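Read the structure below first, then the notes.
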Amino acid sequence: MLTASASASASTPASAPVPAPAPVPAGGTAADSAPIRVFLLDDHEVVRRGVRDLLEAEPDIVVVGEAAGAREALARVPAARPDVAVLDVRLGGASGGDHEGVGVCRELRTELPGLACLMLTSFDDDEALFDAIMAGAAGYVLKQIGGSDLVAAVRTVATGQSLLDPRMTERVMARIRGTDTGPRSAVPAELDRLTPRELEILDLIGLGLTNRQIAERLFLAEKTVKNRVSAILGKLGVGRRIQAAMIAERFREPHHDLS
């Protein structure tokens, strides 16, 4: 279980950003590569201390900064230049109903598109998961996660991969199907920017098909599909495939595709 030492100081200030590393020389080995730079946001100092100690025990991870609140994080992250931001979903204690950490994720992803945000929460909350996915989060894990699993999660999102439990994602997709009873004709302007072929690909993304499966279905080269998917994400203004899938699911007519 992810816990922190109770002996953590009650007044330790958030650390200053660690200077960005120099570029790795060409031909360098894995051992020479720069460590994964991580920024922490959590309003509980004991949690921050525990996560910092856990991550910095790994030779390939360095914590470059931390914050206790949203404004502090938004001010410090750009200067710290992390690869991964570990963000608490709910700030302000257990009574905080707003998903303020998700808002931080959204703003950071707008300013720093290459930043991977890993959402950390004590609550198994479908609404927060949905908001996190749509904000561009790369992963969503519970604070009850084991220490080694959290380290693995940081490494996973640092490589550009998503870390969203398929069961949690399916719950959110089911929620969209079951509760979105509004008029399906209200298609957002973003979809109008897509070509008929892109709408066809988006529909297949919404069905959960991989690039290879889409290529086989449409008799296209897999590289062509990859390029089309990148174009679709750009036109929709989202950074991750799962976001596009949710848009496709929300605006699909029953028993019909988007095109």
Side-chain angles (χ1 to χ4, degrees), residues 2 21 24 30-31 33-41 51 54-55 58-64 77 81-89 101-102 104-106 108-121 124 128-173 201-202 204-215 222-223 225-234 236-249:
L2 175 60
V24 179
S33 62
I36 300 168
R37 298 169 59 81
V38 179
F39 190 95
L40 306 176
L41 168 62
V51 174
L54 175 70
L55 296 179
E58 302 298 320
D60 60 332
I61 298 175
V62 59
V63 176
V64 296
V77 168
R81 294 174 58 191
D83 304 303
V84 177
V86 179
L87 309 174
D88 184 17
V89 170
V102 174
V104 173
C105 171
R106 183 178 296 107
L108 289 178
R109 290 274 302 160
T110 299
E111 185 173 354
L112 305 168
L115 177 66
C117 293
L118 179 63
M119 309 308 298
L120 191 62
T121 180
D124 188 4
L129 173 59
F130 175 79
D131 289 346
I133 290 173
M134 297 311 295
Y140 185 99
V141 296
L142 298 177
K143 288 184 179 179
Q144 290 84 352
I145 190 174
S148 60
D149 291 332
L150 179 60
V151 170
V154 168
R155 290 183 177 133
T156 296
V157 299
T159 65
Q161 301 179 67
S162 292
L163 187 75
L164 294 166
D165 187 321
R167 292 170 298 179
M168 290 196 295
T169 304
E170 177 55 34
R171 290 210 320 261
V172 174
M173 299 297 278
I201 292 173
L202 176 61
L204 296 177
I205 290 173
L207 294 176
L209 272 64
T210 65
N211 286 351
R212 176 172 296 181
Q213 291 169 328
I214 293 173
E222 186 174 352
K223 184 176 181 180
V225 173
K226 182 178 180 181
N227 292 338
R228 291 290 186 104
V229 170
S230 296
I232 290 168
L233 297 183
L236 293 179
V238 299
R240 299 194 179 278
R241 191 185 189 95
I242 185 65
Q243 294 171 285
M246 289 187 168
I247 291 173
E249 184 63 40

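Because the structure is predicted, anything quoted here is derived from the model rather than measured.
Residue Ile145 holds its CD1 atom at 12.5 Å from OG1 of Thr121, rounded to the nearest 0.5 Å. Atom CD of residue Glu222 and atom OG1 of residue Thr210 lie 7.0 Å apart, to the nearest 0.5 angstrom. Between the CG atom in Leu87 and the CG atom in Leu115 there is a gap of 7.5 Å [rounded to 0.5 Å]. Once rounded to the nearest 0.5 Å, the distance linking CG of Leu112 with CZ of Phe39 reads 11.5 Å. Taken to the nearest 0.5 Å, the CG atom of Leu54 stands 6.0 Å off from the CG atom of Leu150. The CG atom of Leu120 sits 10.0 Å away from the CG atom of Leu41 when rounded to the nearest 0.5 Å.
Arg37 places a side-chain N or O within 3.5 Å of a backbone atom of Arg81 that can act as its donor or acceptor partner.
The shortest side-chain heavy-atom distance between Met119 and Asp131 does not fall under the 4.5 Å cut-off. A heavy-atom distance below 4.5 Å is found between the side chains of Leu40 and Leu55.
Between Ala244 and Leu202, the shortest heavy-atom contact is O-CD1, 3.4 Å. Among all heavy-atom pairs drawn from Gly136 and Cys105, the shortest one is C-SG, 4.2 Å. Considering all non-hydrogen atoms of both residues, Thr156 and Ser162 come closest at CG2-O, 4.2 Å. The minimum heavy-atom distance between Val157 and Ala116, with the atom names listed, is O-CB, 3.4 Å. Nearest approach of Leu163 to Leu118, heavy atoms of both residues: CD2-CD1, 4.4 Å.
The salt bridge (charged side-chain N to carboxylate O under 4.0 Å, His left out) pairs that include a residue from residues 109-118 number zero, where partners must be two or more places apart or lie in different chains. Each salt bridge (charged side-chain N to carboxylate O under 4.0 Å, His left out) pair with one or both residues in residues 146-164, not counting sequence neighbours, appears once here: Glu58-Arg155, Asp60-Arg155.
Looking at Asp88 and Lys143, a side-chain N of the basic residue comes within less than 4.0 Å of a carboxylate O on the acidic one, giving a salt bridge.
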